[in-house]
Amino acid sequence: MDAIILCAGKGERLKPLTENRPKPMIPIAGKPILQHIIEKVEDLVDNIYLIVKYKKEKIVDYFKNHPKVKFLEQGEIDGTGQAVLTAKDYVDDEFLVINGDIIFENSLDEFLKYKYAIAVKEVKNPENFGVVVLDDENNIIEIQEKPKNPKSNLINAGIYKFDKKIFKLIEKTEISEREEREITDAIKQLIKEEKVKGIKLNGYWNDVGRPWDVLEANKYLLSKINTDIKGKIEENVVIKGNVIIEEGAIIKSNSVIEGPAIIKKGAIVGPLAYIRPYTVLMENTFVGNSSEVKASIIMKNTKIPHLSYVGDSIIGENCNFGCNTITANLRFDDKPVKVNIKGKRVESVRKLGVIMGDNVKTGIQVSFMPGVKVGSNCWIGASCLIDRDVDSNTFVYK
Ligand code: TTP
């Protein structure tokens, strides 16, 4: 038994977080999405084939020493079906296929009982997904693509068990309107010819497609951590709730850490810093004097040295915040924060701060309005109020 994990997509909706890394390498709860997935399958399978393309070197570099992981590069044609087809000449007779961008709780043992199976998840908004209809024995009898009137509230959750027959069916599918070879077209044929079990996921599941999905999945995974403090804790530090502080991290005096939170090796907090629940400080970050970070992911080497507030935000690697850099994360009218996703204005969640790429520098007293995105390699000059998205490589000044 092998596994194929689809990691070749561009992750357009997650820009600027995917400007310098593929979506599966976005860190959630302290490690890449892909690592969470690999931990779910590594004991069940002999080989794990990662289908890579966009920014593939980041994936290869991180997983190259994993004894079961092998890398296969997707060719010219895009699409999930094409990604699966990449493994045709390598994979075992029976195999799991998993999207490389989902965070899920269920174990995958049950999938191994069936020749053909697909994970299905009950959701409130099935019209935005591939809807799956089951018969009385939970066999899949129909798949509808983003239907206006969904026939069920179960959706395709991006985990499959197939055998090699799927390759023949994929090869017979046409290239779709969005110029992709899609796995669902092959599955539509498969359910006509074979019994395909729908396995209902009863645990947490999140298809991480948009920035606020990253923060939501981060909350879920942090809610499961246990306290493990190996770093150096100076005098008068208050730690509440479940907190992981890795060896090599330092919490300086008079700081307050409210878990769940993860502070990775080389991170420095304080003196007098305030880390609030659902925060992850990645390796070599610095949150200094009178800075507060809440429900945010701060990627490695980023510095927030003094008098700043970062809430419900994702900040890329190697950023440096000038004194008194502030993120707003809530509208006066309490309505969902709007975010630009692939050119459309989309409602997100009630609390969302800034989504920032890598290598951004802010001057003193810079403020960000809720839901703005700042591309990589930007300089934001002193006293700027950023109330719209900033493209990468921009110098904004007053
Ligand atoms: P999507 O989330 O549909 O595509 P994407 O990752 O490119 O994201 P976006 O829509 O924001 O651009 O892809 C589902 C899964 O399939 C995901 O894990 C990426 C993977 N995939 C490939 O491996 N190859 C591909 O050509 C495509 C389109 C997706």
Side-chain angles (χ1 to χ4, degrees), residues 3-26 28 32-38 40-41 48-60 63 69-88 90-91 95-104 118-119 121 123 128-131 143 145-146 155-160 162 166-167 170 173-187 205-214 217 314 339-344 346 348 355 357 373 375:
I4 302 171
I5 307 181
L6 312 184
C7 308
K10 291 199 186 72
E12 286 286 337
R13 292 166 297 159
L14 272 167
K15 276 189 169 169
L17 305 175
T18 48
E19 280 176 351
N20 294 326
R21 64 183 69 71
K23 180 160 55 165
M25 292 307 291
I26 292 176
I28 301 192
I33 297 172
L34 183 53
Q35 168 120 28
H36 293 285
I37 300 173
I38 287 178
K40 290 277 187 190
V41 292
I48 301 170
Y49 292 97
L50 302 184
I51 311 302
V52 296
K53 187 170 166 184
Y54 178 73
K55 308 277 177 201
K56 64 175 192 289
E57 58 292 346
K58 301 270 173 164
I59 296 179
V60 173
F63 292 102
V69 164
K70 297 176 170 62
F71 307 96
L72 297 172
E73 183 159 356
Q74 187 173 340
E76 284 282 288
I77 304 167
D78 284 339
T80 46
Q82 190 67 30
V84 174
L85 199 55
T86 311
K88 182 182 166 199
Y90 303 89
V91 77
F95 49 91
L96 292 163
V97 173
I98 307 171
N99 284 358
D101 57 357
I102 49 176
I103 295 289
F104 58 95
I118 298 180
K121 179 72 187 165
V123 297
N128 298 333
F129 296 90
V131 169
I143 295 196
E145 277 309 317
K146 298 190 179 169
I155 60 153
N156 173 355
I159 305 170
Y160 315 86
F162 293 132
I166 198 71
F167 297 126
I170 295 169
T173 58
E174 306 271 320
I175 306 285
S176 68
E177 264 174 32
R178 31 176 208 184
E179 305 212 347
E180 292 186 1
R181 191 171 247 153
E182 312 207 21
I183 191 68
T184 30
D185 291 336
I187 295 170
W205 174 87
N206 190 333
D207 173 22
V208 181
R210 303 147 317 170
W212 54 99
D213 297 326
V214 174
I314 307 171
V339 182
N340 295 323
I341 301 287
K342 278 175 112 177
K344 283 200 185 125
V346 176
S348 66
I355 311 302
K373 298 202 276 188

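Order of appearance sets the numbers: ligands from 1, and atoms from 1 within every ligand. All of these numbers come straight from a predicted model, not from anything done at the bench.
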Taking [X] for the side chain and [Y] for the main chain, is one N or O donor matched with an acceptor at less than 3.5 Å?
X	Y	result
Thr80	Ile183	yes
Lys373	Val339	no
Thr86	Leu72	no
Trp205	Ala157	yes
Lys23	Cys7	no

For this session: Would you check, one step at a time, whether the test side chain to side chain contact (heavy atoms under 4.5 Å, CB included) holds for Tyr160 with Ile166?
Result: CA-CA 11 Å; Tyr160 315 86; Ile166 198 71; over 6 Å; no
For [atom], what is the closest protein heavy atom, and at what distance to 0.1 Å?
atom	answer
atom 26 (O) of ligand 1	Gly79 N, 2.7 Å
atom 15 (C) of ligand 1	Asn99 CG, 3.8 Å
atom 29 (C) of ligand 1	Gly9 CA, 3.9 Å
atom 17 (C) of ligand 1	Asp101 OD2, 3.4 Å
atom 23 (O) of ligand 1	Ala8 N, 2.9 Å

Numbering as shown, the atoms of ligand 1 that approach [X] to under 4.0 Å (heavy-atom distance):
X	value
Asp78	26 (O)
Gly100	18 (O)
Ala83	22 (C), 23 (O), 24 (N)

Exercise. Under 4.0 Å from ligand 1, counting heavy atoms only, is it the side chain of Cys7, its backbone, both or neither?
Worked result: backbone
Exercise. Does Gln82 approach ligand 1 within less than 4.0 angstrom via side chain, backbone, both or neither, non-hydrogen atoms only?
Worked result: neither
Exercise. Would you say Gly11 contacts ligand 1, with heavy atoms under 4.0 Å as the rule?
Worked result: yes
Exercise. If you measure from each heavy atom of Leu14 to ligand 1, is any distance below 4.0 Å?
Worked result: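 No, Leu14 has no heavy atom closer than 4.0 Å to ligand 1.
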Exercise. Side chains of Val91 and Phe162: does their closest heavy-atom pair fall under 4.5 Å?
Worked result: no
Exercise. Considering only heavy atoms from C-beta outward, does the side chain of Asn156 approach that of Phe129 to under 4.5 Å?
Worked result: no
Exercise. Would a 4.0 Å cut-off, counted as strictly less than, catch a protein heavy atom around atom 4 (O) of ligand 1?
Worked result: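 Answer no: nothing from the protein, no heavy atom, is under 4.0 Å.
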Seminar exercise, completed: Between Gln74 and the options Leu6, Ile51, Leu85, the side-chain contact (heavy atoms from CB on, under 4.5 Å) test singles out Ile51
Exercise. Are Phe167 and Phe95 an aromatic pair by the rule of ring centers under 6.0 Å?
Worked result: yes
Exercise. How would you list, by chain and number, every residue that makes a salt bridge (Lys or Arg N to Asp or Glu O under 4.0 Å) with Lys10, sequence neighbours excluded?
Worked result: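 With neighbours one apart ignored, the set is Asp78.
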Exercise. Nearest to atom 9 (P) of ligand 1 by heavy atom, Glu12, Glu182, Lys10: which?
Worked result: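 Among Glu12, Glu182, Lys10, the closest heavy atom to atom 9 (P) of ligand 1 comes from Glu12.
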Exercise. Out of Lys23, Gln74, Lys15, whose heavy atom is nearest to atom 2 (O) of ligand 1?
Worked result: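 Going through Lys23, Gln74, Lys15 one by one, Lys23 has the nearest heavy atom to atom 2 (O) of ligand 1.
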Can an N or O of [X] be found at a distance shorter than 3.5 Å from an N or O of ligand 1?
X	value
Thr80	no
Gly209	no
Arg13	yes

